[in-house]
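Working notes for the structure below.
Whatever order the structure lists them in is the order used to number ligands and atoms, beginning at 1.
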Amino acid sequence: MTFPLNKLLRPHIATLTPYSSARDEYSGKEGIFLDANENPIGSITDKNFNRYPDPYQLTLKQKIADIKSVPAERIFLGNGSDEAIDLLFRAFCNPGKDNVIILPPTYGMYEVSAEINNIGIKRVNLTEDFHLKPEKILKAVDDLTKIIFICSPNNPSGNQMKKEAIIQVLEGFEGLVVVDEAYIDFSKEESFTQLLDEHHNLLVMQTFSKAWGLASLRLGMAFASKEIIQVLNRIKPPYNISGLTQDTVLAAIGQVDKMKAMVKEILEERDFLENSLKNLPLVEHVYPSDANFLLVKVGGARNIYKYLIEEKIIVRDRSKVVLCEDCLRITVGMRSENQALLEALDKYQDIR
Ligand SMILES: Cc1ncc(COP(=O)(O)O)c(C=O)c1O
């Protein structure tokens with residue numbers, strides 16, 4: 001299917017003259033820099049942060065390109081994935097007119113970001129076991145539908161969506177399909193980044209917040225065609241990724257083995273937690289997970305959630321979310337933390 005980018009963009013974005021920063025106009029490294037109204041003396045901190053960072057993060061993107069096998073020009077970096085989500089609404093969706101499709105139960109920011117931008121929301125629920133309904137999704141599309149958000153592995157259910165079902169959506173829709181792979185490093189499946197050449201309407205999101213353990217730095221990635229990435233670069237705030245984040249992630253990427261070792265440990269803990277939870281009588285079901293958390297159906301989720309807070313154990317109560325009645329979402333912790341959770345749940349059964 002063709003992807004008519006210019007037809008899909010909001011008209012004023014297609015013709016926008018972007019802000020031109022000092023570093024856009026001169027990107028050399030040598031010289032006396034009197035162009036960006038920076039502090040020439042230095043910083044009040046031990047390390048100097050007085051100069052603006054690279055607005056396009058080219059060194060970092062090249063390193064990410066190497067590990068992800070995606071060319072640097074097809075990578076956008078945002079202040080967390082959440083920035084990319086917001087920019088997509090601003091680029092493609094006309095407020096008060098266009099709509100997007102979300103697939104509940106799913107990550108809450110798609111809906112919140114749509115509402116902030118005054119964009120219509122169509123909901124096509126997943127199946128009872130949290131898989132896509134491609135025909136229903138495509139049926140929900142109308143002339144004003146701009147984006148379909150697919151979260152895989154899905155938050156809060158934890159499961160990976162079936163590859164063929166995602167491809168069916170990609171092939172049946174003329175607008176943008178966002179595949180949010182925040183948890184892909186915990187999954188056995190291959191990333192959809194490898195299908196970017198075949199599907200021009202595909203945008204894949206990943207993040208350094210989960211497997212890499214860098215949530216506080218705020219670095220999200222979007223992978224798409226060069227043309228879509230150019231649009232995001234034109235509308236983003238000029239210096240959206242701090243120098244500290246760029247430098248720290250650059251150093252972290254060199255330690256991919258350490259990231260893989262952490263993922264291995266978390267997956268072993270996930271198995272331990274899953275098996276142990278299944279042995280507790282108050283646990284009705286533990287949904288299979290391809291992520292670093294488990295969705296767990298219990299008898300009386302709200303009361304258990306409140307009890308766990310009293311025990312200073314904080315999980316996420318998802319029981320009000322569609323298809324997640326009586327479900328808690330539990331992040332896989334360290335062994336001692338998982339043990340503490342299991343002991344608290346065991347105790348709850350006794351005192352109930
Ligand atoms: C599916 C999904 N996408 C994106 C994010 C946010 O990622 P980031 O920290 O990069 O903004 C989360 C955070 O929990 C998530 O669950």
Side-chain angles (χ1 to χ4, degrees), residues 57 60-61 64 68 75-90 100-114 116-117 123 126 130-132 147-161 166 176-187 189 191-193 202-224 232 236-237 240-242 244-246 248-249 252-253 259 262-263 266 270 287 289-295 314-318 321-324 327-333:
Q57 313 99 21
L60 178 54
K61 277 184 188 163
I64 294 174
K68 300 286 180 187
I75 303 174
F76 169 81
L77 297 180
N79 183 11
S81 312
D82 294 340
E83 183 175 34
I85 296 170
D86 179 62
L87 290 177
L88 289 173
F89 282 109
R90 293 209 260 155
V100 297
I101 297 180
I102 62 166
L103 315 171
T106 194
Y107 180 47
M109 270 313 285
Y110 315 137
E111 179 161 347
V112 172
S113 210
I116 291 169
N117 287 288
R123 295 174 185 79
L126 298 174
F130 305 118
H131 282 287
L132 299 181
I147 309 176
I148 299 174
F149 286 94
I150 299 176
C151 189
S152 180
N154 186 44
N155 177 6
S157 55
N159 62 303
Q160 182 95 29
M161 299 298 146
I166 298 180
L176 193 65
V177 178
V178 173
V179 179
D180 184 348
E181 295 186 336
Y183 301 96
I184 191 72
D185 295 305
F186 302 103
S187 165
E189 296 298 318
S191 166
F192 262 70
T193 50
L202 168 65
L203 182 140
V204 179
M205 291 197 308
Q206 294 184 9
T207 178
F208 281 91
S209 297
K210 310 294 174 182
W212 292 86
L214 298 172
S216 175
L217 289 180
R218 312 303 302 129
L219 192 67
M221 297 164 270
F223 306 92
L232 297 178
K236 77 180 182 70
N240 62 328
I241 309 296
S242 78
L244 184 61
T245 296
Q246 293 188 43
T248 312
V249 176
I253 286 181
M259 179 277 271
M262 285 200 288
V263 167
I266 291 168
R270 187 182 73 194
Y287 290 90
S289 172
D290 299 298
N292 65 338
F293 57 85
L294 293 168
L295 187 71
I314 299 92
V315 298
R316 202 84 199 265
D317 178 12
R318 301 281 78 183
V321 173
V322 64
L323 297 173
C324 296
C327 283
L328 300 174
R329 195 196 68 194
I330 303 176
T331 306
V332 176

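Residues D82 and S113 have side chains not in contact (no heavy-atom distance under 4.5 Å, counting atoms from C-beta outward). Between L323 and F130 the shortest side-chain heavy-atom distance falls below 4.5 Å.
Taking the six-membered ring for Trp, F293 and Y183 have ring centres closer than 6.0 Å.
A donor-acceptor contact shorter than 3.5 Å links the side chain of S152 to the backbone of M161. Between the E83 side chain and the G220 main chain, no donor and acceptor come within less than 3.5 Å of each other.
The residues lining ligand 1, counting any heavy atom closer than 4.0 Å, are G80, S81, D82, Y107, C151, N155, D180, A182, Y183, T207, S209, K210, R218.
The pair R123-E111 meets the salt-bridge criterion, with a side-chain N (NZ, NE, NH1 or NH2) lying under 4.0 Å from an Asp/Glu carboxylate O.
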